[in-house]
Number of protein chains: 2
Amino acid sequence: MEAKAPHIVILGAGFGGLTFCEHFPNTSARLTLVDRQNHHLFQPLLYQVASAGLSAPDIAQPIRSILSDKPNITVLMDAVTDINLKERQITSASNVLHYDYLVFALGGMTSYFGHPEWEQFAPGLKSLDDAMRIRREVLYAFENAEDEPDPKRVQQLLTIVVVGGGPTGVELAGTFAELARYVLTKDFRHIDPRRAKIILIEASPRVLAQFPESLSAKTVEQLQALGVEVRTATRVKNITKGRVELETGEILAENIIWAAGVAASPLTKKIGVPLDKGGRVLVNPDLSLPEHPEVFAIGDMALVLDENGKPVPGVSPAAMQMAQHVSGIIDDELVWGRKERKPFKYWDKGTMATIGRSAAVAKIGRFEFSGFIAWLMWLVIHLIFLVGFRNKISVLMQWTYSYFTYKRGARIITGHHDA
Amino acid sequence: MEAKAPHIVILGAGFGGLTFCEHFPNTSARLTLVDRQNHHLFQPLLYQVASAGLSAPDIAQPIRSILSDKPNITVLMDAVTDINLKERQITSASNVLHYDYLVFALGGMTSYFGHPEWEQFAPGLKSLDDAMRIRREVLYAFENAEDEPDPKRVQQLLTIVVVGGGPTGVELAGTFAELARYVLTKDFRHIDPRRAKIILIEASPRVLAQFPESLSAKTVEQLQALGVEVRTATRVKNITKGRVELETGEILAENIIWAAGVAASPLTKKIGVPLDKGGRVLVNPDLSLPEHPEVFAIGDMALVLDENGKPVPGVSPAAMQMAQHVSGIIDDELVWGRKERKPFKYWDKGTMATIGRSAAVAKIGRFEFSGFIAWLMWLVIHLIFLVGFRNKISVLMQWTYSYFTYKRGARIITGHHDA
């Protein structure tokens, strides 16, 4: 039976890979899901782990546990090392897998635009380890400032620069401003945490470029109300330890966080198909790879154009829609042998970004929202999509607690400080 | 005013140090609390972080936040490097502190009985980093076993040895047995997690030696019902990577956890006073140091004898009682100049250890409890003493969730696997 049952290999258990496994209806096919991590990560809330609001397990769920009631799905925690489309073979650290269908859903990673040496001084935010590193270093800087005699050094310790004015950068800047202004105020004796400087740097003329201009302006207003210094049309020339060089000068900042660029997983280079400059795979309208109808790419690593010729954005709803599309194609072919495939159509349900307490922006269809109502929508939607009943309850509890007490539940330093 | 206000330095923010700060009534004295960590850790639940039941922030609370409403207390996150009782001076990495009164509350650390080389192969459980390391390595072993072809190696991967049959060892063995038997059962396709072996090794003739014999026997019964193999009167000869050597043979186990020995903080050696072989400071009946009435030692690092000449056990209620005793002495002297000091008296409120779901043992006064009722008492008492309202609610929620679903909320692997 093993020899006959078609084998579908899915690489990556992010929104795309996991949605595929959850929705694929055919239980006579064998599915193998491979991920380097043992958990599915709810990326949209990762910035709240970095800023000590949530604990890591609140936004992660063991992949095996999510899929435990699907006996035809095998989960492997393993790192893919080689891809051979011709032999239909995937090699990983401990396995060699042969597939009938292959779904790439490897997601993205932080890109430093040709400056990988900046990473050590300006960490990105893609994994739980990234988030816990940022949390540790930011909290540690405040601790360090408390017994630092040199006032210049104190100001450097209390300065956080966030590079990149997309949703992640905006969310990070807002949440760190709140940390300094509300959460830490009464806890120190020698420093005043409200003197912390949070600076958001964006190269293009406005933040949240994918939103309408009016909402970008509202975002800047709300960020400034929290005390964030927003510098748009500002390009980073160089980053070294504790120092950001701009064309207009330099900023000394103990913590520099990189939220400026995303590129596809470097594994895309091993596929041997054309890539765009962000490393994304150029797929056919049905999301399959050129000359490989049995191989698909979905999510952040796929470059798909919508009806207007614009690329589908790298957001989780797009990855989930692509997963359902591919799941439908493969199931149809296994059941009916059908060969005519429909092109993928992206349904833009809207975009939103949160800025802070009662502050957010959202665009849904033609409607624009900002402030409390946008924030409430953001909360509800993120709670609904967060994977796992336990996590929903836990996050709701943490948010309620933080809202009423102005405290954060995960203000602990673990791991080793980067000397 | 700074020059006049008496300065009390407290080293360590465990149960002893924190209780001292919370209870010290005199707000005209200046207090400085120094700890290497930014958080107070609720040690009794640490094993649940190691076994993926709780997340790290659930059992930790920022020290600054606990004491934020006491403006006369300064908290420093710093590592003590030198102690000079003659000059009344404490040196740490970033500070030099002069004191009028000094309270040592540095706690204990894992002791390998003269075999520090075992630590790398058999981690102890004292900090959140320890717990997250154990969680990572145990979960990783199950992941690894899932794609391991060699059945012998699979059995090694699925074997966990816990060395030491005190409360921590019993709790760890019980919780890992439950993890394998209940939590992971449906999540793997190639291995059966119920075939995991959990072995508890104790050198003395019985586990929980500080409990009455009848409760030790009940503990073994309850552990065996969970599938734990209990080997008492068994001495460990040597530990190397993945291998425990006993006098009667050897055990191959991917995970070996050391819960056998506790010694006082190594800083006690720098005090320059007599120590017992566990490194504990021999204190006067009032808990002050010989020839230094202005210096006290409390908690796990102090050797105090009760009325019967038996040492007061290294448990949190003892540390808290000592803290209150010393707080009373210092306050009296600052207010009244009183010089006659009462000796410390330990009030033994009872001892308890949990074994697993609905399984525990407790001795309170002359009464012995085991099974469900002891377990319920354990739950309630630990919830009451857990520091922080948020943490109480969160832990209660996690426990309720785990009780009804047989799942664990923190089954995620973070950090780097020890190769």
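Chain identifiers are assigned alphabetically (A, B, ...) following the order of the sequence lines, protein sequences preceding nucleic acid strands; residue numbering begins at 1 within each chain. Keep in mind that what you see is a predicted model, and the values were worked out from it rather than measured.
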Most contacts with chain A, counted as non-hydrogen pairs under 4.5 angstrom, among [options]:
options: D69(B), L128(B), N144(B), N95(B); answer: N95(B)
options: I413(B), L54(B), L41(B); answer: I413(B)
options: S65(B), A56(B), A410(B); answer: S65(B)
options: Q61(B), K70(B), R408(B), E148(B); answer: K70(B)

| field | Exceeds 12 heavy-atom contacts within 6.0 angstrom, atom CZ of R36(B) | value | no
| message | Heavy-atom count check: over 12 atoms from other residues, nucleotides or ligands less than 6.0 Å from F389(B) CZ? | response | no
| Counting N and O atoms only, with roles assigned by atom type, does the side chain of R189(B) sit under 3.5 Å from a partner on the main chain of I73(A), one being a donor and the other an acceptor? | yes
| query | Sub-3.5 Å donor-acceptor pair from the side chain of D129(B) to the main-chain atoms of T414(A), do we have one? | reply | no
Side chain, backbone, both or neither: which part of [X] has a heavy atom under 4.5 Å from chain A?
X: I412(B); result: both
X: D147(B); result: both
X: K407(B); result: side chain
X: L67(B); result: backbone

| task | Determine the option with the most heavy-atom pairs under 4.5 angstrom with chain B, choosing from P71(A), A52(A), A60(A). | result | P71(A)
| note | Counting heavy-atom pairs under 4.5 Å with chain B, the top scorer among K186(A), H39(A), R64(A) is R64(A)
Side chains of [X] and [Y], heavy atoms from C-beta outward: is any pair under 4.5 Å?
X: S394(B); Y: Q398(A); result: yes
X: M397(B); Y: R390(A); result: yes
X: E146(B); Y: M77(A); result: no

| request: Compare every heavy atom of P57(B) with every heavy atom of G409(A), then report the nearest pair and how far apart it is. | output: O-CB, 3.4 Å
| Separation of D187(B) CG from S68(A) OG (nearest 0.5 Å) | 4.5 Å
| Contact origin within I393(A) toward chain B - heavy atom pairs under 4.5 Å | both
